[in-house]
Number of protein chains: 2
Amino acid sequence: MLYKVVDGLICAYYSVLQDSVEEVNKMASSSQMLKGVLEGCLLAVISKGETYGYEMIERLQNYGLTMVSEGSIYPVLMRMQKEGLVSTVMRPSPNGPKRKYYSLTSEGRSDLEEFKERWEILSSGVNTLMEKGKV
Amino acid sequence: MLYKVVDGLICAYYSVLQDSVEEVNKMASSSQMLKGVLEGCLLAVISKGETYGYEMIERLQNYGLTMVSEGSIYPVLMRMQKEGLVSTVMRPSPNGPKRKYYSLTSEGRSDLEEFKERWEILSSGVNTLMEKGKV
DNA sequence: GTCCACTACTTTGTATAGCAAGATAGATGA
DNA sequence: TCATCTATCTTGCTATACAAAGTAGTGGAC
């Protein structure tokens, strides 16, 4: 019961201290890590050089992430664009319709760094969990 | 357009060949990996010895997975129980209400093994993606 | 010259995962 | 008896991942 109250106080604290909203988001996204791996991967791929969606799928599949498909990444890319993590340019393709090239904004780059840290924590945690259980 | 047809054929193929349903599920769960890390972690924790929910949270936090909370794991545990991955026993606690102890069924053990394989693929993929990007 | 196939992006609809918040309840000590 | 700790379950929301289908430009085959 007490910790509920403490939670409440913390919430109130955060909602008053506007500056801390970032902190809250960071915590939220940290627990969201279990889901949001795809976003981090896309940031990483784009960080290696301007690309477009259709190519990213191939790239990811080359990295062994074969489960990724168009229906997954395009919505994520649009969300990232809306959040200002990437900037886009349309350019004609030599063989097909126009391509939408993505590159990271500075905000996108710092987001990628944060993601790397969180990924490091998560993956090393899960790895030790799995290894020790080899029996 | 053609690949739509091919998709259709593959779907039909699978729906006819009942034995292949497992394959479909495996593929589905493989793409679900991005989400379902928590389930794998719980399976791993339980595999190390019978425990109860409240304790699992502490265990996971010891592994650095600090983002896990009660509201997250109890629904997952119940789902796993419903799917027959774990069996449960209620036993009194020395200091508090009864505890619900979980242990893996054989199905749960094989699910854990599958999860380990998929985790290996995912994490090594993401790791190389992140490492090469260190610039 | 009109199909077909390939490249490429977008939209829609759905299932469900993760989680905060709170309800419930046994045990214990002040 | 009241507060606190342990412990589980439930409710309700948000957003993720995804399949499926829609749109559209290009080029080759016939």
Side-chain angles (χ1 to χ4, degrees), chain A residues 1-8 10-11 14 24-25 27-42 51-58 60 65 67-83 88-102, chain B residues 1-8 10-11 24 27-42 51-58 60 65 67-83 88 90-102 122:
Chain A
M1 197 56 111
L2 190 254
Y3 58 96
K4 298 293 159 165
V5 178
V6 173
D7 272 4
I10 291 173
C11 282
Y14 276 132
V24 175
N25 287 340
M27 293 184 67
S29 62
S30 182
S31 60
Q32 221 68 350
M33 163 62 83
L34 302 173
K35 300 194 236 177
V37 179
L38 186 54
E39 180 169 320
C41 290
L42 289 176
T51 22
Y52 54 99
Y54 201 76
E55 192 184 40
M56 290 184 212
I57 295 167
E58 294 172 17
L60 287 175
L65 305 173
M67 63 289 274
V68 185
S69 65
E70 299 176 42
S72 301
I73 75 157
Y74 284 114
V76 178
L77 288 172
M78 298 190 67
R79 195 181 69 223
M80 287 177 4
Q81 184 180 5
K82 204 174 290 175
E83 289 171 355
T88 64
V89 186
M90 295 293 284
R91 260 188 263 127
S93 158
N95 51 352
K98 281 183 184 172
R99 292 171 179 167
K100 193 170 177 180
Y101 285 89
Y102 294 81
Chain B
M1 197 56 108
L2 189 255
Y3 58 95
K4 299 293 161 165
V5 178
V6 172
D7 272 5
I10 292 173
C11 282
V24 175
M27 291 183 69
S29 62
S30 180
S31 60
Q32 223 66 351
M33 162 61 83
L34 301 172
K35 300 195 234 175
V37 180
L38 187 54
E39 180 169 321
C41 291
L42 289 175
T51 21
Y52 53 100
Y54 200 77
E55 193 184 38
M56 290 184 213
I57 296 168
E58 294 173 17
L60 287 175
L65 305 173
M67 63 289 276
V68 184
S69 65
E70 300 173 42
S72 300
I73 75 157
Y74 283 113
V76 178
L77 288 172
M78 297 191 68
R79 195 180 71 222
M80 287 176 5
Q81 184 180 5
K82 205 174 291 175
E83 289 172 354
T88 63
M90 295 292 284
R91 260 188 263 129
S93 158
N95 50 353
K98 281 183 184 173
R99 293 169 179 169
K100 192 171 180 180
Y101 285 89
Y102 294 81
L122 175 76

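Naming convention: chains lettered A, B, ... in sequence-line order (proteins, then strands); numbering from 1 in each chain.
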Worksheet entry | Distance-minimising heavy-atom pair for B/Leu65 and B/Cys41 | CD1-SG, 4.0 Å
Worksheet entry | Spacing of B/Leu42 atom CG relative to C/dA17 atom P, expressed in whole Å | 12 Å
Practice prompt. Please tell me which of A/Gly71 and B/Ser69 maps to the more 5' nucleotide of DNA chain C, matching each residue to the nucleotide holding its nearest heavy atom.
Written response: A/Gly71
Discussion item. Is there a side-chain contact between A/Arg79 and the phosphate of D/dT16, meaning an N or O under 4.0 Å from OP1 or OP2?
Written reply: yes
Worksheet, complete the sentence: In short, B/Ser93 meets B/Gly96 closest at the heavy-atom pair OG-N, 3.6 Å
Worksheet, complete the sentence: Assign each of B/Glu55 and A/Pro75 the nucleotide of DNA chain D bearing its closest heavy atom; nearer the 5' end lies the nucleotide of B/Glu55
Item to complete: Measure from OH on B/Tyr102 to P on D/dA7 and round the result to the nearest Å.
Response: 13 Å
Practice prompt. Sugar-phosphate means primed atoms, P, OP1 and OP2; the rest is base. With that split, encode nucleotides 25-30 of chain D 5' to 3' as B, S or - using protein heavy atoms under 4.0 Å.
Written response: BSS---
Discussion item. Given the structure, check if the side chain of B/Glu70 and the base of C/dC19 hold any donor-acceptor pair shorter than 3.5 Å.
Written reply: no
Worksheet item: Starting at CG of B/Leu34 and ending at P of C/dA17, how long is that distance when rounded to a whole Å?
Response: 13 Å
Item to complete: Would you tell me if any nitrogen or oxygen in the side chain of A/Lys35 comes within less than 4.0 Å of OP1 or OP2 on C/dC19?
Response: no
Item to complete: Give, for atom CG of B/Leu38 and atom NZ of A/Lys35, the distance between the pair rounded to the nearest 0.5 Å.
Response: 11.5 Å
Worksheet entry | Euclidean distance, A/Leu77 CG relative to A/Glu39 CD, rounded to 0.5 Å | 9.5 Å
Discussion item. If you compare every side-chain N and O of B/Ser72 against the phosphate oxygens of C/dC19 (OP1, OP2), does one of them come in below 4.0 Å?
Written reply: yes
Discussion item. Rounded to whole Å, please give me the gap between CE in A/Met78 and C1' in C/dA8.
Written reply: 14 Å
Worksheet item: In whole Å, what is the span from the CG atom of A/Leu77 to the P atom of D/dC18?
Response: 13 Å
Worksheet item: Hey, which of A/Val76, A/Val37, A/Thr51 is the one that makes side chain to side chain contact (heavy atoms under 4.5 Å, CB included) with A/Leu42?
Response: A/Val76
Fill in: Spacing between B/Lys100 atom NZ and C/dT24 atom P, to the nearest angstrom
18 Å
Practice prompt. Please state how far atom CD in A/Glu39 lies from atom P in D/dC18, giving the value in whole angstrom units.
Written response: 14 Å
Response to the item:
To the nearest angstrom, the CE-C1' distance between A/Met80 and C/dT10 comes to 16 Å
Worksheet entry | Separation between CD of A/Gln81 and CE of A/Met78, rounded to the nearest 0.5 Å | 6.5 Å
Worksheet entry | N/O (side chain, B/Tyr74) to phosphate O (OP1/OP2, D/dT10) under 4.0 Å | no
Discussion item. If I take atom OH from residue A/Tyr102 and atom CD from residue A/Glu55, how far apart are they, to the nearest 0.5 angstrom?
Written reply: 13.0 Å
